[in-house]
Amino acid sequence: MKNRKVKGFILLEACVGFTIACLGVLLLGITIKQNRQTEKQIEKRVDKAYAEYIFRHSDKKTLLVHDHVYHRK
């Protein structure tokens, strides 16, 4: 009887550990995805600001920055 309780406890402990490990991997994936999205947004803002700076200080009509063409307003 005691041996069955120990086996059941070990099984429950393994399930809890597996659940915690899965949650850790899931949260890590979500964090990485969010960081990439934020990085892309920041890069777009920086590229736009750079293009505006170049347009203010030169007579260019178009500018290619990171595969995106910006036009003078």
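In this text, all values refer to a predicted model and were calculated from it rather than measured experimentally.
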Undergrad: Does Tyr70 form a side-chain contact (heavy atoms from CB on, under 4.5 Å) with Asp47? I'd like the steps, not just the answer.
TA: CA-CA 9 Å; Tyr70 292 93; Asp47 289 348; 3.5 Å; yes

Undergrad: Look at atom CD of Glu39 and say whether more than 12 heavy atoms of other residues, nucleotides or ligands are closer to it than 6.0 Å.
TA: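 Not buried by this count: 12 neighbours or fewer within 6.0 Å.
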
Undergrad: With clusters built from Ile, Leu, Val, Met, Phe, Trp and Tyr whose side-chain heavy atoms come within less than 4.5 Å, directly or transitively, what are the remaining members of the cluster of Ile30, listed by chain and number?
TA: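 Once heavy-atom contacts under 4.5 Å are chained together, Ile30 belongs with Leu26.
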
Undergrad: Can you tell me if Arg56 has over 12 outside heavy atoms packed within less than 6.0 Å of its CZ?
TA: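 Count over threshold, so yes.
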
Undergrad: Between Arg45 and Gln41, is the side-chain contact (heavy atoms from CB on, under 4.5 Å) condition met? List the steps.
TA: CA-CA 6 Å; Arg45 285 192 300 201; Gln41 289 174 348; 5.6 Å; no

Undergrad: List the atom of His66, the atom of Glu43, and the distance in Å for their closest heavy-atom pair.
TA: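 Here His66 and Glu43 meet closest at ND1-OE2, 3.6 Å.
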
Undergrad: How long is the span from the CD1 atom in Ile54 to the NZ atom in Lys60, to the nearest 0.5 Å?
TA: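 If we round to the nearest 0.5 Å, Ile54:CD1 and Lys60:NZ are 7.5 Å apart.
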
Undergrad: For residues 4-55, pull every pair meeting ring pair (Phe, Tyr, Trp, His ring centres under 6.0 Å), keeping only residues two or more places apart or in separate chains.
TA: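 Every ring pair (Phe, Tyr, Trp, His ring centres under 6.0 Å) pair that includes a residue of residues 4-55, provided the two are not neighbours, is Tyr53-His57.
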
Undergrad: Got a second to check how far His68's NE2 is from Leu63's CG, nearest 0.5 Å?
TA: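 Answer for the NE2-CG pair, His68 versus Leu63, is 11.0 Å.
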
Undergrad: Please report the C-alpha distance between His71 and Lys61 in whole Å, then the side-chain angles of each, then the deciding distance to 0.1 Å, and finally whether the side-chain contact (heavy atoms from CB on, under 4.5 Å) criterion is met.
TA: CA-CA 6 Å; His71 300 280; Lys61 301 287 185 210; over 6 Å; no

Undergrad: Distance check, rounded to the nearest 0.5 Å: Lys33 atom NZ versus Arg36 atom CZ?
TA: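 The CZ atom of Arg36 is 11.0 Å from NZ of Lys33, to the nearest 0.5 Å.
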
